[in-house]
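All remarks here apply to the structure that follows.
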Amino acid sequence: MTQGNSNLLEGDERHATLINNANAIRAICSSVEGTLGPKGLDAMLVSPQGDVIITNDGVTILEKMDVTHPAAKLLIQVARSQQRVVGDGTTTATVLAGALVQEGVAQVLRGVPASKVVTGMQQGIAWVKQALERRAIRITGIDDPLLRQTAFIAGREHQDIVDFVMEAAARVGMERLLDQDYSLSESVFAHEKATSEVWHGLLLRQQPIYRHGSVERRHARILVLQDALEPEQLDEELLTTEAGFGQYMEHRARFMQQLECLSRLDVALIVLERGIHPDAEQFCADHNMMVVQRVSREEIRRICKSTGSIPIKRAALHKQEEQLKQVLGYSELVQYDERLERVRVACESAVSIIIGASTAEVVGERARIAADAASAVQTAVRGGILPGGGTTELTISYELGRFRESLKGMESFGVAAVAAALQKPMSQIIQNAGFNPLEKIEQARSAQQEYGTDAMGMDCDTGAFIDYIQQGIIDPANVKIHAIHAAGEVAAAILRIHTVIKMR
């Protein structure tokens, strides 16, 4: 064996883990990149039981996919992070992460130390994030045409869904959309029996424990209990004694008095974090008090913020009526909707986007589309918008190439990897539209230079070049910023892995 062949085999063995991980990342990316852009197609997900989901939503595909490779699971974290933080752009983030890994691996295989590649990538990504922030076009208000167009693009051109999302956004207002603790996408509810509408209030996720006919209360008072609605508990051994049993009966009598107090206060809805005693359940049914139990802390927080309720513990039920009245929330209407199997709570400060469709499969996809549109609207309000279709990334990739020339040391190869990866979104969109990416990328760059704008991109129908801002092809800026940030974190983690060890 020659010395050259020996070195090649040693190199292959040294980078075996990196190449294996890169191949796993490539396989995952190939499952979602075909959905990118207006000409992207859907993926069909089939479960072992024969259940079928047809979607082009990146996070849905990745979440439902049967994945065992550890590096591939890391890539899926990109989509989860993107969905959690900005609620849109999961496919773009995944494609960017895959491209960063591919370009980074190419540099390592050329002989650049992985640590130098990672450091350079981090420098390049920080530079890119600043460049994107500088270019962001701010939204002036709910009536800004760019905001509606953002919803239209994220809502995959479903005009009815866009109308509902924009109505809901107008209802809650700019101040609420800017609130970091508020998420418009969480207000989306979908059901195959529903008629699409914007409800000015909450739809509780849990069903009431007692449902009969049309349950409706107007001018309703609401009690929120971060506890169980039950008498005070006694030790089981104590209950076997006569004194203990007497104490138990006293507690039970006192508990019934507390329920009578709630009835006199005209409480219409009781929200419980835990369960309810059978006696209390029957009492509430007899007195037309709706009870929703096993409600999460997050849902309780949402109910309290919208209705003015103050959550209390069970011990607070000992207070006087006037004191209890101070912790009760208020709603113009509390109603159990039998068709939706949800409790409606009307309130001025909340909104619910109800999406209907003919089947469960279709309604699930419409719900995802509505959630994407709602997230895009809120993200655009917070951070502005940029031309879509990878046009901004293309311009920045060339600028990043010039920045790389000013660097000294091997970190510049990591910056070069970022510059190359930034062209991947537009390249994939062009490929999905049936054109030659190499040819059209160069033409797009020439058009951007000729017209002096980042917004020049390819018309996926004709292959001509158009101004994406003028045509309304836009994305929230924060979607792009977080996508490159999350992609860079995962790519760096993959490139640093030297070996994979199975744990006991």
Side-chain angles (χ1 to χ4, degrees), residues 24-45 53-67 71-101 125 129 132 150-151 153-156 158 161 165 183-186 188 364-380 382-383 385-386 388-390 392-393 421-422 424-429 432 474-491 493-494:
I25 295 295
R26 178 67 247 156
I28 294 296
C29 287
S30 66
S31 67
V32 298
E33 60 190 17
T35 68
L36 202 60
K39 299 297 184 180
L41 301 178
D42 294 340
M44 176 183 284
L45 300 162
I53 297 176
I54 299 175
T55 182
N56 66 358
D57 181 59
V59 72
T60 302
I61 296 170
L62 295 171
E63 287 282 7
K64 299 293 185 180
M65 187 184 299
D66 184 9
V67 176
K73 290 182 177 180
L74 276 177
L75 182 63
I76 292 175
Q77 295 303 320
V78 173
R80 288 175 179 163
S81 173
Q82 185 76 8
Q83 185 69 19
R84 182 180 66 254
V85 176
V86 294
D88 193 19
T90 54
T91 304
T92 299
T94 305
V95 168
L96 273 173
L100 284 171
V101 170
I125 287 170
K129 288 165 63 178
L132 289 170
T150 301
I153 296 298
R156 303 173 208 169
H158 286 66
I161 290 178
V165 169
S183 173
L184 182 62
S185 65
E186 290 181 0
V188 174
E365 181 67 2
R366 280 173 60 81
R368 286 186 284 270
I369 292 171
D372 284 350
S375 295
V377 165
Q378 189 164 15
T379 304
R382 291 173 176 173
I385 59 97
L386 286 166
T392 307
E393 291 92 327
L422 285 174
K424 179 63 176 179
M426 177 180 280
S427 175
Q428 190 63 53
I429 290 171
N432 290 347
I474 51 182
D475 291 325
N478 284 344
V479 167
K480 295 178 179 290
I481 292 169
H482 189 269
I484 189 66
H485 172 80
E489 287 185 340
V490 170
I494 295 294

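When a residue number appears, it is its place in the shown sequence, counting from 1.
- Looking at Gln83 and Ser375, their side chains never come closer than 4.5 Å, going by heavy atoms from C-beta outward.
- Separating the CD1 atom in Ile474 from the CD1 atom in Ile153 is a distance of 7.0 Å, to the nearest 0.5 Å.
- With a 4.5 Å cut-off on side-chain heavy atoms, Asp372 and Arg156 count as touching.
- At least one side-chain heavy atom of Val67 sits under 4.5 Å from a side-chain heavy atom of Ile28.
- Among residues two or more places apart in sequence or in another chain, the salt bridge (charged side-chain N to carboxylate O under 4.0 Å, His left out) test is passed with Arg382 by none.
- Across all their heavy atoms, Val188 and Ala370 have their closest contact at CG1-CB, 3.9 Å.
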Would you tabulate the side-chain donor-acceptor contacts of residues 37-45 under 3.5 Å, counting partners in other chains and residues two or more places apart, or write 'none'?
from, atom 1, to, atom 2, distance (Å)
Lys39, NZ, Asp461, OD1, 2.6

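- Rounded to the nearest 0.5 angstrom, Arg368 CZ and Ser185 OG are separated by 14.0 Å.
- A donor-acceptor pair is defined here as one N or O able to donate and one able to accept, closer than 3.5 Å; such a pair exists between the side chain of Thr379 and the backbone of Val86.
- Here the side chains of Met426 and Glu393 are not in contact, with every heavy-atom distance at 4.5 Å or above.
- Looking at heavy atoms from C-beta onward, Glu489 lies out of side-chain contact with Gln77 at the 4.5 angstrom threshold.
- Between Val479 and Leu386, every side-chain heavy-atom pair lies at or beyond the 4.5 Å cut-off.
- In this structure, the separation between NE2 on His485 and OG on Ser81 is 7.0 Å, given to the nearest 0.5 Å.
- The shortest side-chain heavy-atom distance between Val377 and Val165 falls under the 4.5 Å cut-off.
- Closest approach of Leu75 to Ala97, counting heavy atoms only: CD1-CB, 3.4 Å.
- The CZ atom of Arg84 sits 7.0 Å away from the NE2 atom of His482 when rounded to the nearest 0.5 Å.
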Quick one, Thr90 with Leu62, criterion side-chain contact (heavy atoms from CB on, under 4.5 Å). Give me CA distance, side-chain angles, the key distance, then yes/no.
CA-CA 9 Å; Thr90 54; Leu62 295 171; 5.9 Å; no

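- Leu422 contributes atom CG, which lies 6.5 Å from atom CG of Leu96 (distance to the nearest 0.5 angstrom).
- Among Ile125, Val95, Val490, Ile25, the one residue that satisfies the side-chain contact (heavy atoms from CB on, under 4.5 Å) test with Leu100 is Ile125.
- For Gln82 (side chain) and Ala93 (main-chain N/O), no donor-acceptor pair under 3.5 Å exists by modelled atom type.
- Here the closest non-hydrogen pair linking Gly98 and Cys29 is CA-SG, 3.4 Å.
- When every heavy atom of Gly388 is checked against every heavy atom of Lys480, the shortest pair comes out as CA-NZ, 4.1 Å.
- Contact detail for Ala151 and Ala373: the closest heavy-atom pair is O-CB, 3.8 Å.
- Residues passing the salt bridge (charged side-chain N to carboxylate O under 4.0 Å, His left out) test with Arg80 are Glu63, sequence neighbours excluded.
- Distance check, rounded to the nearest 0.5 Å: OG1 of Thr94 to CD1 of Ile76 gives 8.5 Å.
- Using modelled atom types, no side-chain atom of Asp475 and backbone atom of Gly390 make a donor-acceptor pair closer than 3.5 Å.
- Annotation for Ile494 and Ala71: closest pair CD1-CB, 3.8 Å, computed over non-hydrogen atoms.
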